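Before any comments, here is the structure.
Since the model is a prediction, treat every value here as computed from it, not as a measurement. Whatever order the structure lists ligands and atoms in, that order sets their numbers, starting from 1. Sequential numbering from 1 along the given sequence is applied to the chain's residues.
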Amino acid sequence: MNTVYIALGSNQNNPVYHVEKGIRQINHLSQTKVLKKSSLYTTKPIGPQNQPDFINAVIKVSTNNNPVELLDILQEIEQQHNRKRVKRWGPRTLDLDILIFNELEINEDRLTIPHPEMIKRDFVLIPLLEITHYDFFIPKYGKIKKFL
Ligand code: ROI
């Protein structure tokens with residue numbers, strides 16, 4: 001069993017619906033179960049400001065999938081939400097990012113784990129803190145409290 005943290009974000013067409021539905025879809029996967037779920041946070045867009053506020057959350061899951069399998073599955077779920085990769089950093093119906101996968105450090109074309117942006121983003125750190133604790137150790141980077 002692998003322990004994984006996943007960030008969810010949406011800012012289009014009823015974002016609360018997309019985030020809640022995404023969490024349910026992940027929980028219904030045969031090899032993956034949701035162990036913890038943060039609150040849903042309304043956040044101001046980072047990057048281009050001329051887009052709606054986001055709904056963000058973080059979940060903790062256990063999975064028997066490996067990182068690339070999980071990435072494929074999460075991208076499939078994003079597609080089911082009609083995600084169109086039109087604009088980098090533009091609005092999205094559902095964004096699913098693998099933040100942490102066990103203690104692994106992965107640097108591949110499709111996958112960088114831990115997620116390199118996570119330590120800079122309050123919309124990730126605050127929900128992650130909610131379901132962990134101040135001494136929670138982010139592989140490669142160190143304790144979460146350093147970044148808050
Ligand atoms: N800003 C916020 N607040 N939440 C996000 O999930 C988010 N995702 C993004 C960019 C456009 C960088 N900004 C964001 O991809």
Closer than 4.0 Å to some heavy atom of Pro45 - which atoms of ligand 1 meet that? 1 (N), 3 (N)
Working note: Ile126 + Leu148, criterion side-chain contact (heavy atoms from CB on, under 4.5 Å); need CA distance, chi angles, decisive distance, verdict. CA-CA 8 Å; Ile126 289 168; Leu148 287 160; 4.1 Å; yes
I'd like to check whether Gly47 has a polar contact with ligand 1, where a contact means an N/O of the residue lying under 3.5 Å from an N/O of the ligand. no
Would you call the rings of Phe54 and Phe123 parallel, tilted or perpendicular, where under 30° means parallel and over 60° means perpendicular? parallel
Within 4.0 Å of some non-hydrogen atom of Asn56, the atoms of ligand 1 are 2 (C), 3 (N), 4 (N), 5 (C), 6 (O)
Ignoring hydrogens and angles, state whether a donor on the side chain of Gln79 or Gln75 is under 3.5 Å from an acceptor on the partner side chain. no
Geometry only, no angles: is Lys44 polar-contacting ligand 1 at N/O separations under 3.5 Å? yes
Atoms of ligand 1 less than 4.0 Å from Arg121 heavy atoms? 12 (C)
Check each of Asp53, Asn56, Asn11 against Thr43 using the side-chain hydrogen bond (donor to acceptor under 3.5 Å, both in side chains) test, and report the only one that passes. Asn56
Working to the nearest 0.5 Å, report the span between CD1 of Ile23 and CG of Leu40. 6.0 Å
Is any N or O atom of Thr43, backbone or side chain, closer than 3.5 Å to an N or O atom of ligand 1? yes
